Undergrad: 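Just passing along the structure, written as structure tokens.
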2 protein chains.
Amino acid sequence: MVSEIIKLYEDREDVTLTTYIIKSSQQTLNGQSRPAILICPGGAYLSCSDREAEPVALRFAAMGYHAFVLRYSVYFGNEVILPEPGVKYEQRDHSIHPNPMRDIAKAMLMIRKNADQWHVDPEKTALCGFSAGAHNCAMYSVYWHTPLIYAHFNIASDVFKPAAVILGYMLSDYYLLRDQEKSEDQKELFDLSNLALAGVQVLDDETLDELSPALHVSDKTPPMFLWATAKDELVPVEHTTRMANALANCNIPFEAHIFENGKHGLSLSDQSSAYDLTQIDTDAAKWLSLAESWLLKRFALDLNPSFTPGR
Amino acid sequence: MVSEIIKLYEDREDVTLTTYIIKSSQQTLNGQSRPAILICPGGAYLSCSDREAEPVALRFAAMGYHAFVLRYSVYFGNEVILPEPGVKYEQRDHSIHPNPMRDIAKAMLMIRKNADQWHVDPEKTALCGFSAGAHNCAMYSVYWHTPLIYAHFNIASDVFKPAAVILGYMLSDYYLLRDQEKSEDQKELFDLSNLALAGVQVLDDETLDELSPALHVSDKTPPMFLWATAKDELVPVEHTTRMANALANCNIPFEAHIFENGKHGLSLSDQSSAYDLTQIDTDAAKWLSLAESWLLKRFALDLNPSFTPGR
């Protein structure tokens, strides 16, 4: 395995791609290319959670796919900072839309550029995001074919299309977020998150609309696998059902799994990604094997069908 | 993840420990130590199979355990050579018993020496082996407390004890191997394997006895998880049932799973470790989640029981 951290922009330390590249062997895929999974951790656009990074990458690498963790543009950069109540935070430009989703585009280009060296099949790159990272992946999934992406990079849009997208406890609709009843803590968190992504705490209708991927699903949207927990008190499960509706209305292939229990931010929902035991739920943990089966339908490795002597 | 190849002996290229060390994070285990799994691939003591190396390490790393692949002393060293029929092979010293199991001891010492740096709990190191690698792990498991190991290293034996052992399609009894009806190909393979491990092709009773871990199980033998397939035509499943009997007779905690179908050498039995589709069997692949549950009983990470704000 080659695990290294690559800067996406030479002059910035905060936006990085961490590789988990499976070693090529004559005894397994023998140099053929493999699909890749690009993972966007959550963190309210304030930070990128380690809990939704390496543990997830290892799990997908164990399925036989190259994995990459993208630390995209977030308010606090690569510092681990918990927002403090009562502090007045200033606007910062680097994490404002569309920068975070352009980081995904940049990562897609980086993977494509290194496809030969890394033995990646660039036509088979999936995105996997959690919470705000799932929002970022969903935004990218509905905007990859628009000038916001391709005109910025001045490249024909085909290279940007993800082959499949996996979204855990996503935010899909900023109107829903605006109208949500919030505790004081939640209000502070979302106000700061809005400042990070939109540059302001209170969003106008045009911005609410633009930041709501459920409102922009089209026939260009890639197949999606959604999962969430019905008891999520931070991001209501309706974000997931609205996205499912939008996908159904556009005939986009999708799968959705809503587990009865489990709080926000479960990641793999087992010990490998947990800080405390409240982040483990064995039912919700089944999302991973469901996602594995779903991926297998499109990403199965190209293995010889019959017995090969000596292997 | 830190994945690097470490030579176990400065003057040899063939015996190596490949690390898969999970990155420490304040957001997961916060610098606390983790259990480790030391993996011995199979290959008839002729080579070490890549199919039973990195894919297995990634799967255990995805459970939250540090993983290590040991390439121990085998006849062909680190070259990938398929034995050729009709060739007369010469005796080579480096892979002769007890050298391969002493490599495990050396690896255990290496892990212990680096325990602080790698955040490993040295009292929680498990072995996991396949085929000849499972034989090597089983040999080590019954001999770790004997002078063959501790006198060679001149260290008190306690540091060598594995906490748990996982064995896939193992060889446990060289009498059984001797008396097995073999095809011409199988005979050539086992003759060469005997040359590799014993220095001769035909073994005397003393050697047959010494190389049969099922005959040396004692109250010092660590808990074991055994799995195999009833249709294995290369290493009959009786090697596994004999080992299970021996463990039962000595009251060693163990678990054994024999799947109805599946040939020899399935490794993870899914696409991540397969060269061809005959190496995939979805039933046999369940050994991994059974082993995960079994390990969890002894290796569960030490997580905070209750909600920790901000994680």
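Values below: every heavy atom of this structure, side chains too, minus hydrogens, waters and symmetry copies. Quick caveat, the model's predicted, so the values are computed rather than measured. Throughout, protein chains are lettered first and strands after them, A, B, ... in sequence-line order, and every chain is numbered starting at 1.
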Undergrad: Among B/A274, B/P55, B/P83, which residue has the highest count of heavy-atom pairs closer than 4.5 Å to chain A?
TA: B/A274

Undergrad: What are the two closest non-hydrogen atoms of B/Y65 and A/Q271, and how far apart are they?
TA: OH-NE2, 3.0 Å

Undergrad: Which atoms of A/Q26 are under 4.5 Å from chain B, going by heavy atoms: the side chain, the backbone, both sets, or neither?
TA: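 Both parts, backbone and side chain.
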
Undergrad: Say you draw a straight line from OH of B/Y20 to OG of A/S3; how long is it, rounded to the nearest 0.5 Å?
TA: 11.0 Å

Undergrad: Starting at CD of A/Q279, measure out to CG of B/N304 and round the result to the nearest 0.5 Å.
TA: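 The CG atom of B/N304 is 9.5 Å from CD of A/Q279, to the nearest 0.5 Å.
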
Undergrad: As an exercise: rank A/L303, A/D276, A/L296 by heavy-atom pairs under 4.5 Å with chain B and give me the winner.
TA: A/D276

Undergrad: Given that the side chain runs from C-beta out, which part of A/I22 has a heavy atom under 4.5 Å from chain B: side chain, backbone, both or neither?
TA: both

Undergrad: Specify the closest pair of heavy atoms between B/F307 and A/T278, including all atoms of both residues, with the distance to one decimal.
TA: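 In this case the closest contact between B/F307 and A/T278 is N-CG2, 3.4 Å.
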
Undergrad: How close do A/S272 and B/G64 get, counting heavy atoms only, and between which atoms?
TA: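 Residues A/S272 and B/G64, closest heavy atoms: CB-N, 3.8 Å.
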
Undergrad: When rounded to the nearest 0.5 angstrom, what is the spacing between CD in B/Q27 and OG in A/S47?
TA: 6.5 Å

Undergrad: Can you list the residues of residues 227-235 of chain A that sit under 4.5 Å from chain B, counting heavy atoms only?
TA: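 The list, in residue order, is empty: none.
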
Undergrad: Given 3.5 Å as the limit, does a donor-acceptor pair link the side chain of A/E54 with the main chain of B/K23, or not?
TA: yes

Undergrad: Only pairs of heavy atoms separated by less than 4.5 Å count here; which of A/S306, A/G265, A/A300 has the most with chain B?
TA: A/S306

Undergrad: In this structure, are over 12 heavy atoms from other groups packed under 6.0 Å from B/K187 atom NZ?
TA: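 12 or below, so no.
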
Undergrad: With a 4.5 angstrom heavy-atom cut-off, which part of B/N30 approaches chain A: side chain, backbone, both or neither?
TA: side chain

Undergrad: Measuring from A/L29:CG to B/D50:CG, what's the distance to the nearest 0.5 Å?
TA: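 Nearest 0.5 Å value for the CG-CG distance: 12.5 Å.
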
Undergrad: To the nearest 0.5 Å, how far apart are CZ in A/R59 and CE in B/M63?
TA: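 Going from CZ on A/R59 over to CE on B/M63, the span is 8.5 Å.
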
Undergrad: Taking 4.5 Å as the heavy-atom cut-off, does anything in residues 118-132 of chain B contact chain A, and if so which residues?
TA: none

